[in-house]
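FYI, the numbering just counts along the sequence from 1.
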Amino acid sequence: QVQLVESGGGLVQAGDSLRLSCAASGHTFSHYNMAWFRQAPGKDREFVAAITWSGGVTYYAYYAVSVKGRFTISRDNPKSTVYLQMNSLKPEDTAVYYCAADRGEYSGTNYAISSMYQYWGQGTQVTVSS
């Protein structure tokens with residue numbers, strides 16, 4: 001069983017930065033694809049960023065258009081942790097942010113589909129005031 005625990009959310013002002021962390025346990029972390037999704041009130045869960053494993057030490061990062069250039073996903077395999085550095089935050093970034101993990105092989109843009117991920121954290125709230 002894989003456990004994911006997010007942390008780092010909070011209340012910030014527009015333009016500020018936050019770094020979310022997702023600590024994983026119960027699996028070979030380095031072989032897992034990791035992703036961040038978010039869900040705002042009354043909206044569907046949406047893809048934010050993913051960092052996928054392509055064998056060996058090769059990883060690829062992908063971003064939603066809405067966050068590209070502002071957010072950065074990274075991972076620290078020895079610490080079994082994935083991060084989401086969020087800069088230049090906007091009120092529309094307000095949501096519950098979820099960490100997700102899976103060992104699947106992705107084609108096309110499947111990394112952005114929530115149903116492709118087997119394991120999920122409990123979420124951390126990010127609120128950006130204007």
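In this structure, R45 is positioned above the aromatic face of W120, its NZ or CZ under 6.0 Å from the six-membered ring centre and within 45° of the axis.
When all heavy atoms are compared, the tightest approach of W36 to L20 is CH2-CB, 3.7 Å. Between A40 and A95, the shortest heavy-atom distance links the atoms N-CB, 3.8 Å. Pairing each heavy atom of S17 with each of Q85, the nearest pair is CB-NE2, 3.9 Å. When all heavy atoms of A14 and P91 are compared, the pair lying nearest together is CB-CD, 4.1 Å.
The distance from the OH atom of Y106 to the OH atom of Y117 is 4.0 Å, given to the nearest 0.5 Å. L84 contributes atom CG, which lies 11.5 Å from atom CE of M34 (distance to the nearest 0.5 angstrom). For the atom pair Q1 CD and Q118 CD, the distance stands at 8.0 Å (nearest 0.5 Å). Atom CG of L4 is separated from atom OG1 of T81 by 10.5 Å, given to the nearest 0.5 angstrom. Atoms CZ and OG, on R19 and S74 in that order, are 7.0 Å from each other to the nearest 0.5 Å. Taken to the nearest 0.5 Å, the CE atom of M116 stands 4.5 Å off from the CG atom of N110.
S88 pairs by the side chain to side chain contact (heavy atoms under 4.5 Å, CB included) definition with R70, not counting sequence neighbours. In this structure Y111 satisfies the ring pair (Phe, Tyr, Trp, His ring centres under 6.0 Å) test together with F47, Y62, sequence neighbours excluded. Remark: E46 pairs with R38 by the salt bridge (Lys or Arg N to Asp or Glu O under 4.0 Å) rule, at least two apart or across chains. Listed by chain and number, the residues in a salt bridge (Lys or Arg N to Asp or Glu O under 4.0 Å) with D102 amount to none (sequence neighbours excluded).
Screening residues 77-105 for ring-ring contact (aromatic ring centres under 6.0 Å, His included), with sequence neighbours left out, gives no hits. Among residues at least two apart or in separate chains, disulfide (SG to SG under 2.5 Å) pairs with a member in residues 50-130 are C22-C99.
Residues V96 and V128 do not share a hydrophobic cluster, clusters being chains of Ile/Leu/Val/Met/Phe/Trp/Tyr side chains in contact below 4.5 Å. No chain of hydrophobic side-chain contacts below 4.5 Å, direct or via other Ile, Leu, Val, Met, Phe, Trp or Tyr residues, connects F37 to Y32.
Few gaps surround CD on Q122; more than 12 heavy atoms of other groups in view lie less than 6.0 Å from it.
Looking at F29 and K79, their side chains never come closer than 4.5 Å, going by heavy atoms from C-beta outward. Side-chain contact check for M86 versus V126: some heavy-atom pair is nearer than 4.5 Å. Y59 has its side chain out of reach of N33: every pair of non-hydrogen atoms, C-beta onward, lies at least 4.5 Å apart.
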